[in-house]
Every structure is written in structure tokens, then in C-alpha cells.
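Start at 1 and go down the list; that is how both ligands and their atoms are numbered. For reference, positions follow the sequence shown, starting with 1.
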Amino acid sequence: MPTTNAYTYTRVLMGSPIFLKLFVDNPPLVEEVYARIGELEDQLTVNRAHSEVMDINHAAGKHPVSVSPALFQLIKRATEVSLLAGSCFNLTIGPLVKRWKIGFQGHTVPPQEAIDALLPLTDPHQLVLDASNHSVFLPHAGMEIDLGAIAKGYIADVIKNLLYQRGVYHAIINLGGNVQTLGRPQNGPNQQWAVGLQKPFGDNGELIGIIHVVNKSVVTSGIYERYFVADDKLYHHILHPRTGYPLDNELFSVTIISDASIDGDIYTTLLYGMGVEKGREYLQAYPHIEAIFVTRDNKVIFSSDKQFTFTLLDNSYQLAG
Ligand code: AMP
Ligand code: MG
């Protein structure tokens, strides 16, 4: 089997290391990839005073803001998922995310009154979208869109398309745990990509096992990614839209294997909220999307496994049907 040289790069953007592996030596393309990620971060971030999304947030309670067609589509998709019956995905969760500051300096457990006061500002039904001029309107002052649960998946797909346009069909990009793969790797023994499944609260790089895929996205949402501990209680970064507190269930993490990374990013958050039983049931209608649930009692549960193979490395975890 012919083996090609691999070219690997890591740069920190969006607060995470962004890893890229290609099998062609093309420095201008590498620059183009990272520059594009930087542009998308500038457009989507809510962790700075200015971005296209922050323009919408700053105009809350005042006026609609027309945004680029791509951002409008992204917000439309996130809104649709937020409005699904019983959905725990909510793109207008911003005020609560900002109040908790989980994963940032100054994190606190807000008093119940503060949460009660913010919950009405996180109703996605209130969002007004107008396709005729791509405008987005948050009708009450204090409302905020947060695309943190969807942005990396979206960016991973944009980069995949960019690489295709430049004639690159074999590559992997890892945006802080949000992995998109193109084709097969051009080196290595088995011509499949090996994506690690993190051990919850383990050391960085400590794995439960390895997910082998070809031409798939692999996205994980885990409570160990961003959290803090106060009074012996763990508070993690995925909030329940109806209580305003971190979602409390049997899961450590959800991983989604899919074609589009945006689906992976949406479904990890959505299915984390559903838990194992409902999540598996839900996915029966979406055979092209597969999930790996890791539970707090150390079980690794697959919704199905047609699009990947899994190698268990840590025997304190059990594969469960
Ligand atoms: P992810 O890393 O995809 O699991 O997304 C987590 C991020 O999404 C958080 O850091 C928040 O910015 C945001 N977020 C938290 N809770 C929710 C929620 N219930 N729905 C949508 N986004 C959320
Ligand atoms: Mg997500």
C-alpha cells in the first residue's frame, strides 16, 4: 500500500487548539484554512464586544439586524432545533450562559432569583426571523443568541468544503474536540481515521477507546469539557433551558458520528438533553446519524454502529447494548 507523507499543524483559535492534517505540502492552503476559521470566529463569537452575532445581541429590544445569508441560515437551523417539542437545545440561552460563566473567569452559582429573572429572556419562540432581508430580531432587551453549541460543527463543514474546492480529498480537522474527516488517511496501517473517545475527567489524551471512521464527522459534548465545582457539586456547561441549571442526567458525554459536523454539534447537545433511552429512540428516524453515549456508571452505549468501529482501551468501561 502506498504511503504518503503527512503534514500536521496546530494553532489556537476560539480558545482551543485547532489541529489540521493534510497529505499535501501546501502552506498557502494551510494559511487559508486558519484565516477562514479566524474570520468565522470573528463573525460568530459572543465572547467579544463585537461580532455579527453580537450586533444582533446589542440591538435586542431595539431593532432587527440584517446579517449575512450564511449566518441567517445557521440561526434559522438553530432556531428550528430549539423549537422542537421538548428540546433542550436553545440558541437564546445566552443570558444564562453569561450569568454562570462556566468555563470562564468569575464562574458562580447564581441565586435562584437571578435564574428566575433570566429564564423569560431565553424563550426561542420570541426570536423574529425575516427571510426577505435576512434579519434577526430579539424583541426584549437582555436577550442574547449564543451559537456555542453549533459554531464549531458549522465551521468544520465550511473548512471541509474549502478543502474540497482546493482539490484536497484526504484530511482531518479537529476543532477543539469537534472532528471532521475527509476521505481516508493516506498513511497508517488501516486507512481509517482514529478518533479518540476521551475518558471523562481523565488526563488530557486519556481515552476510553478509539472510534475508527472514514469520511465522517465525530463530535463529542461532555460535561467534563467545561465545568466548575462548588460545595462538592459539579456544574457543567450544558444548561437545561427550562430550569436554567446544568442538565442533570445519567450521562458523561454524547458523541455523534454523521456526515455533516453541524448535525454532530446539534445532536450532541440535543441528545445530551434527552438521555440514553429517549436519544436512542429518537435516532431511529435518523439512520445516518449515530450516537455513542458514555454514562456516569461507566457504560459505553451505541445507538447503532454501521458507520464506525470502536476499540475499547479502558477496561473500567463496559460496552453495553
Ligand atoms: P457543546 O460544546 O456543543 O456541547 O456546546 C456547549 C455550549 O453551548 C456552551 O458552552 C454554551 O455556550 C452553549 N449552551 C449551553 N447550554 C445550551 C443549550 N441548552 N442549548 C444550546 N446551547 C447551549
Ligand atoms: Mg454541540
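Counting the atoms of ligand 1 from 1 in the order shown, those under 4.0 Å from a heavy atom of N90 are 18 (C), 20 (N), 21 (C), 22 (N). Less than 4.0 angstrom separates some heavy atom of H237 from each of these atoms of ligand 1: 2 (O), 4 (O), 6 (C), 9 (C), 10 (O), 15 (C), 16 (N). Near S221, the atoms of ligand 1 lying under 4.0 angstrom from a non-hydrogen atom of the residue are 1 (P), 3 (O), 4 (O). Ligand-side atoms of ligand 1 in range of T269: 3 (O), 4 (O), range being under 4.0 angstrom from any heavy atom. Using a 4.0 Å cut-off to heavy atoms of F89, the atoms of ligand 1 that qualify are 20 (N).
Using a 4.0 Å cut-off between charged side-chain N and carboxylate O, E281 and K278 make no salt bridge. A salt bridge links D297 with K299: the distance from a Lys NZ or Arg NE/NH1/NH2 to an Asp or Glu carboxylate oxygen falls below 4.0 Å. Between K76 and E80 there is a salt bridge, since a side-chain N of the basic residue sits under 4.0 Å from a carboxylate O of the acidic one. A salt bridge links E41 with R48; the closest basic N to acidic carboxylate O contact falls under 4.0 Å.
Separation of the Y235 and Y227 ring centroids does not fall under the 6.0 Å cut-off. Between H107 and F228, the distance separating the two ring centers is shorter than 6.0 angstrom.
For E277, the CD atom counts as loosely surrounded, since its 6.0 Å shell holds 12 or fewer non-hydrogen atoms of other residues, nucleotides or ligands.
Scanning the protein for heavy atoms near atom 22 (N) of ligand 1, the closest one is A149 CB, 3.4 Å. Protein heavy atom closest to atom 16 (N) of ligand 1, with residue, atom name and distance, is L239 N, 3.0 Å.
Under 3.5 Å, the side chains of S68 and Q43 contain a donor-acceptor pair of N or O atoms.
For residue A149, an N/O/S atom approaches the Mg ion (ligand 2) to within less than 2.8 Å. Among the atoms of T269, an N, O or S atom is found under 2.8 Å from the Mg ion (ligand 2).
When only interatomic distances are considered, the shortest N/O to N/O separation between R226 and ligand 1 falls below 3.5 Å.
For atom 19 (N) of ligand 1, the nearest non-hydrogen atom from the set C88, P241, G222 belongs to C88. Proximity annotation for atom 14 (N) of ligand 1: of T122, L247, I93, T92, I93 comes nearest, heavy atoms only. For atom 12 (O) of ligand 1, the choice among D146, L91, D265 with the nearest heavy atom turns out to be D146.
At distances below 3.5 Å, at least one donor-acceptor pair connects side-chain atoms of S66 with backbone N or O atoms of N133.
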